[in-house]
Amino acid sequence: MKFLKLFLLLFVVQFHAQQGGMWVPSLLKGMNENEMKALGSKLTAEQIYSINKSSLKDAVPQFDGGCTAEMISSKGLLLTNHHCGYDNIQSHSTVEHDYLADGFWAYKMEDELPNPGVVVTFIVSIDDVTTTILAGTESLSEADKQKKIQQNIAEISKTYKKEAWQDILVRTFFDGNQYLLFVTENFKDVRLVGAPPSSIGKFGSDTDNWVWPRHTGDFSLFRVYADKNNRPAEYSKDNVPYTPKHFFPVSAKGVKENDFTMVLGYPGRTTEYLPSYAVEQIAYDLNPARIEVRDAALKVQDGFMRKDQAIKIQYASKYASIANAWKKWIGERKGLIKSNAVGVKQKFEKDLSDKIVKAGKQAEYGNLLSDFAKNYAEIKDYAIARDYYSEVVLRHTEILNFGYRLFQLEQVYTARGEQAFNDRKKNLIEGFEPLYKDFNAQVDEKVFEKLIDIYSKKSPQQFLPESLKGINATQVSADIFKSSKLTSYNGLKELLTGDAKTVIEKLNQDKGFAFVKMIAEAYNKNVAPKYDEINLRNIATQRTYMKAILELSPKSARIFPDANSTLRVTYGKVKGYKPSDAVVYTPFTYLDGVMEKYVPGDYEFDVPKKLIDLYNAKDYGKYADNGKMPVAFIATNHTTGGNSGSPALDAEGNLIGLNFDRVWEGTMSDVYYSPDICRNIMVDSRYILFIIDKFAGAKNLIDEMKIIYNQPKTSKKVKK
Ligand code: ARG
Ligand code: ASP
């Protein structure tokens, strides 16, 4: 009987542990710790996060705001993704030294390359400050409440006890129901150490992006430098390699299906607790609108990039970033529909309503769902208009984006006068220079034509300026691009020459500027105020909804806060999946698969000669798995954008992989995580070691790491 109970408990825990979740590292004791143990982890919560001793979290900084990284040596060696270091690798590249194409390796520390502006942020401690932040907000209106919260955050950021070289960060959790304070250390001397060529680090490029099976060696190496006291410092050649409080041993032992894995990192944003009405809007209204606009922009850019090498370079990075979200939204929409996420949410809402009645909480929570229903119905057209506006005007038609910044400049003058105008103008002129470097008027004219056509026909008509309805987009775009000064950097500087009055007069005579201004003014009048008003109501409703969920769910419920760019722990198992009828994916890929995809000279699927030679000779050093070279693997860890570069750890806390993506069928995990098909994708640490060692010959880096190899097999009897 006792046995059966234990078995059931284990079964329940195991089952639940496959459900995803991004957990706060300082709050793992209890349920999470038990689940992790049941899955095979040997680590205690204290080993993952401790304020008194060094712990795993000390090896996991945020990399430059948007990615994650990990320390893999006592001398500040840092591992992250190739796509996270991409801009830096690019910035050191010239035609003679093209590190994107050929890779880069520092065989001595003196050869490492500084990257001004890059910041690596470590978490020192985490503290719950909810009471302080919410003090004095109880009876305020929603808008005043937000203001008061901001004041309280500013106040505690000034008064909280910390060392002089540390910083404070306060973030909300559970939609405003909890506030946590982070003491951080920001390191600013970060040097490039190594990067494989893009034909390894970006192998498969946009075609393979978000897709399993995957064969990308998506990694790069940096080194964190500190001052003589091991503290953060601006770049100086006198700085020394940083000694982290913890670094990860790198495992060359490999993983098997069903092995425990854990990922620590900085997931950016998820919305797992949206009501069914919101999910329905994402799947059926908002994603389709965004996809449609990006689809058109990408087609135009691609057409030019294929024909013109210079344009290909100019638009490569822009194209990749437009395509990344575009592809994700398509997958997300499909996944939400296929998994009936709306139905799942409706069932959850029904259960919650029952609990509200049972607990006698109708007075506090009884109207939540009807409020949501009303709010989301009301906001729908405004939200669609907002997405079209932001995709068309603020993002993908560059001349409109440039014009919009100038429209803001005009508003600065009206609101704050000549001095503010001049300051902003100076910043703009500097800021525009790199933008125009990667701008091609011919491409943009075509993008403009396609996107304005979509905007005039598809954005909710009731909010559009009259003069935009039924326009001939081809004619309008030709007309504007013929005369507007916004089509070149020199033209722009000409427009901005003179005092405020002169500049504003010139701007308003420019057809490009006048066109943006017309659209922006209509949006600011017809959409923004109402959207903001309904959205503010939704924020308040969402907070109360979250409070109800927290309050009325059983103690055992697995409720985790949405991602908010703070450090989280997610765990699960190495596991394949079944993407569709009759198809099953296994969880590992090998170098053989790279060679299967190989297309000589191709932009996405070329393979470096050296790698082919190593493959043909099966020269895999100590990193092979039964004679094959592992490349990537998948697991049930719940990750999102921002988790790129995150360490994947085994049951002992050794590095087994480097997170860089998710599978296509599971990209909906930002809104609804399903253990059946949501998988994160990692580069196998053995592939990373193999590339550094055998491909690049960077023995200096291999020597500096602590590598864990398989014990040679002995004939020791296994105890029964
Ligand atoms: N999809 C991954 C993430 O969201 C990787 C993106 C970089 N790779 C690429 N081919 N664009 O960021
Ligand atoms: N590729 C993403 C990143 O860059 C990770 C993901 O969305 O799964 O953070």
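The figures that follow rest on heavy atoms only: side chains count, while hydrogens, waters and symmetry mates do not. First listed ligand is number 1; within each ligand, the first listed atom is number 1.
- Salt-bridge formation is not detected for the pair Arg223/Asp189: no Lys NZ or Arg NE/NH1/NH2 atom is positioned less than 4.0 Å from an Asp or Glu carboxylate oxygen.
- Residue-environment remark: NZ (Lys345) exceeds the threshold of 12 foreign heavy atoms within 6.0 Å.
- A salt bridge links Lys318 with Glu398: the closest approach of a Lys/Arg side-chain nitrogen to an acidic carboxylate oxygen falls below 4.0 angstrom.
- A salt bridge does not link Lys575 with Asp259: none of the charged nitrogens is closer than 4.0 Å to a carboxylate oxygen.
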Nitrogen or oxygen contacts under 3.5 Å, ligand 1 side and protein side:
residue: ligand 1; atom: 1 (N); partner: Asn209; partner atom: OD1; Å: 2.7
residue: ligand 1; atom: 1 (N); partner: Asn324; partner atom: OD1; Å: 2.9
residue: ligand 1; atom: 1 (N); partner: Asp661; partner atom: OD1; Å: 2.9
residue: ligand 1; atom: 1 (N); partner: Asp661; partner atom: OD2; Å: 3.4
residue: ligand 1; atom: 4 (O); partner: Asn324; partner atom: ND2; Å: 3.1
residue: ligand 1; atom: 10 (N); partner: Ser205; partner atom: O; Å: 3.3
residue: ligand 1; atom: 12 (O); partner: Asn324; partner atom: ND2; Å: 3.4

Can you pull every nitrogen or oxygen pair between ligand 2 and the protein closer than 3.5 angstrom?
residue: ligand 2; atom: 1 (N); partner: Ser644; partner atom: OG; Å: 3.0
residue: ligand 2; atom: 1 (N); partner: Phe660; partner atom: O; Å: 2.9
residue: ligand 2; atom: 4 (O); partner: His83; partner atom: NE2; Å: 2.9
residue: ligand 2; atom: 4 (O); partner: Ser644; partner atom: OG; Å: 2.4
residue: ligand 2; atom: 7 (O); partner: Gly641; partner atom: N; Å: 3.2
residue: ligand 2; atom: 7 (O); partner: Arg662; partner atom: NE; Å: 3.4
residue: ligand 2; atom: 7 (O); partner: Arg662; partner atom: NH2; Å: 2.9
residue: ligand 2; atom: 8 (O); partner: Arg662; partner atom: NE; Å: 2.8
residue: ligand 2; atom: 9 (O); partner: Gly642; partner atom: N; Å: 2.6
residue: ligand 2; atom: 9 (O); partner: Ser644; partner atom: N; Å: 3.1
residue: ligand 2; atom: 9 (O); partner: Ser644; partner atom: OG; Å: 2.7

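- Side-chain contact annotation: Arg662 with Ser669, donor-acceptor N/O pair under 3.5 Å present.
- Distance alone, capped at 3.5 Å, is enough to place a donor-acceptor pair between the Asp562 side chain and the Glu272 backbone.
- For Pro249, the side chain to side chain contact (heavy atoms under 4.5 Å, CB included) partners at least two apart in sequence or on another chain are Asn654, Lys706, Ile708.
- No more than 12 heavy atoms of other residues, nucleotides or ligands shown are found within 6.0 angstrom of NZ on Lys188.
- Residues that satisfy the side-chain hydrogen bond (donor to acceptor under 3.5 Å, both in side chains) test with Glu332, not counting sequence neighbours, are Asn287.
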